[in-house]
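Structure, as structure tokens:
Whatever order the structure lists ligands and atoms in, that order sets their numbers, starting from 1.
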Amino acid sequence: MIKAAILGYGTVGSGVYNVLNSNTRLVNERAGREIEVKYVLDLRDFPGDPVEKQLTHEFDDIINDDEVKIVVEVMGGLHPAFEFTKRCLEEGKNVCTSNKELVAEHGLELMSVARENDVNYFFEASCGGGIPIIRALNDCLTADDIDQITGILNGTTNFILTEMAENPGVSFGKTLKQAQKKGFAERDPGADIDAYDPARKIAILSSIVFGSSVDYKDVYTEGIRGITSEDIRYAATLGYAIKLLAEAKRTEEGIRVYVAPFLVDPAHPLYSVNGVMNAVYVHGNMLGDAVFTGAGAGSLPTASAVVADVIDAARHDGKRAYCGWKHDEKLVLASNDGIRRKNLVRIYTEDEGKANKVFSPDGFLDTISLGELEDEIAFITPELSEEEFDNKVRAFGKVISRIRFY
Ligand code: HSE
């Protein structure tokens, strides 16, 4: 028997409680022993909920109980999650978390505290919801030198983009509300919409793949706030989908990491990843290509990954598990300026002549028109570096929108 505590009884915490109670026999069998939830910490009361038996409002009940060997931190946010996690690790308790904000900000420090105290800090659910990607990188793809990882790492924005593509005319705000209702969105939806959440996730994944810490604040991050139903209609006319991609890639110039919306070709495996689904494409020097896909957000999928960590923590009680993210030094990222891509650019029809001169090497651009939008057209630029594109926009003046081709 091993005793556990859950910090937070919100969307993920209640999911963890539910998974442990629904799949008790399987979980115990796979852990090799019985896992019992002794405490659930929350500030709120839950009258009539079975959790009442284990509910406490005092963190001290947990930290002072030597029987508790596994703590599930699913409170979200940095404080007091950081302080609670650190104290648990210092007291020799394993910690399993879905808190990507905390892992991206203090993961390395918490892993070092875990190492000093001979326990584990597991965070499978911090990236890709229910998809087993961290364990795949740490335990399964260990024979490979991985040079690229590209993912749809945010369920909320993928859900919004899919809804907008499937129901032309549906508003951004209405779709975001639906995502919030379904328990996909962050408390601050800006973390999803402005893409800080996938930036944190790709920073965590690339720290594991490349060994040194990638600071999510160094990741070029562009969200989907500016994407309109017109952009999606242009994309559909071309046969493409707009996806918010997070990518880390080793190049001759160094390691580049960025998050931005891209036009994705139907032949690409990430094109057909829709709704709340996430997917991670990995390229290894021996493996070649692999794609991991599954539910990227929501109570039970996220809880499934957390409980898998709880099982791993029970299996590793007294032993340390391997993690690829191990070096203290910060990875200095290469600039994205040199990446060359085509771009879809929307402009006002009256500016077509100027666009031909500025954007086309031979002074003639093929334009795309949506018909009903009479005062605007779109065109595809030749491959340009970021710097070249910015210089051309400076020479041209204001464009309505620009989306990069992947
Ligand atoms: N808000 C996050 C998402 C939750 O939509 O992907 C899962 O990390």
Using a strict cut-off of 4.0 Å, indicate which atoms of ligand 1 neighbour a heavy atom of [X].
X      : answer
Asp192 : 1 (N), 2 (C), 3 (C), 5 (O)
Ala297 : 3 (C), 4 (C), 5 (O), 6 (O), 7 (C)
Lys100 : 2 (C), 4 (C), 7 (C), 8 (O)
Glu186 : 1 (N), 2 (C), 4 (C)
Lys201 : 2 (C), 3 (C), 6 (O), 7 (C), 8 (O)
Gly296 : 6 (O), 7 (C)
Gly155 : 3 (C), 5 (O), 6 (O)

Problem set entry | Salt-bridge criterion met for Glu372 and Arg233 (N-O under 4.0 Å) |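 Result for this pair is yes, salt bridge flagged.
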
Exercise. Do Lys86 and Glu109 meet the salt-bridge criterion of a basic N to acidic O distance under 4.0 Å?
Worked result: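 The answer is yes: the pair qualifies as a salt bridge.
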
For this session: Return the residue, atom name and 0.1 Å-rounded distance of the protein heavy atom closest to atom 5 (O) of ligand 1.
Result: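 Going by distance alone, atom 5 (O) of ligand 1 is nearest to Thr156 OG1, 2.6 Å.
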
Exercise. Which atoms form the tightest heavy-atom contact between Ala136 and Phe292, and what is the distance?
Worked result: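 The pair with the smallest heavy-atom distance is CB-CE2, 3.7 Å.
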
For this session: Heavy atoms only: give me the nearest Leu108-Ser213 pair and the separation to one decimal.
Result: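 Where Leu108 meets Ser213 most closely, the heavy atoms are CD2-OG, 3.4 Å.
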
Problem set entry | Aromatic ring pairing Phe123/Tyr121, orientation class (parallel under 30°, perpendicular over 60°, tilted between) |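 Ring orientation of Phe123 relative to Tyr121: tilted.
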
Exercise. Do the two ring centres, one from Tyr240 and one from Phe405, sit under 6.0 Å apart?
Worked result: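 Ring centres of Phe405 and Tyr240 closer than 6.0 Å.
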
Exercise. Taking both backbone and side-chain atoms of Ala185, is any N or O found less than 3.5 Å from an N or O belonging to ligand 1?
Worked result: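 N/O-N/O distance under 3.5 Å: no.
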
Exercise. Who's closest to atom 3 (C) of ligand 1 heavy-atom-wise, of Asp188, Thr302, Asn154?
Worked result: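 Of the listed residues, Asn154 has the closest heavy atom.
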
For this session: Please determine if Arg250 forms a cation-pi arrangement with Phe210, meaning its NZ or CZ atom is less than 6.0 Å from the six-membered ring centre and no more than 45° off the ring axis.
Result: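 So Arg250 doesn't make the cation-pi contact.
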
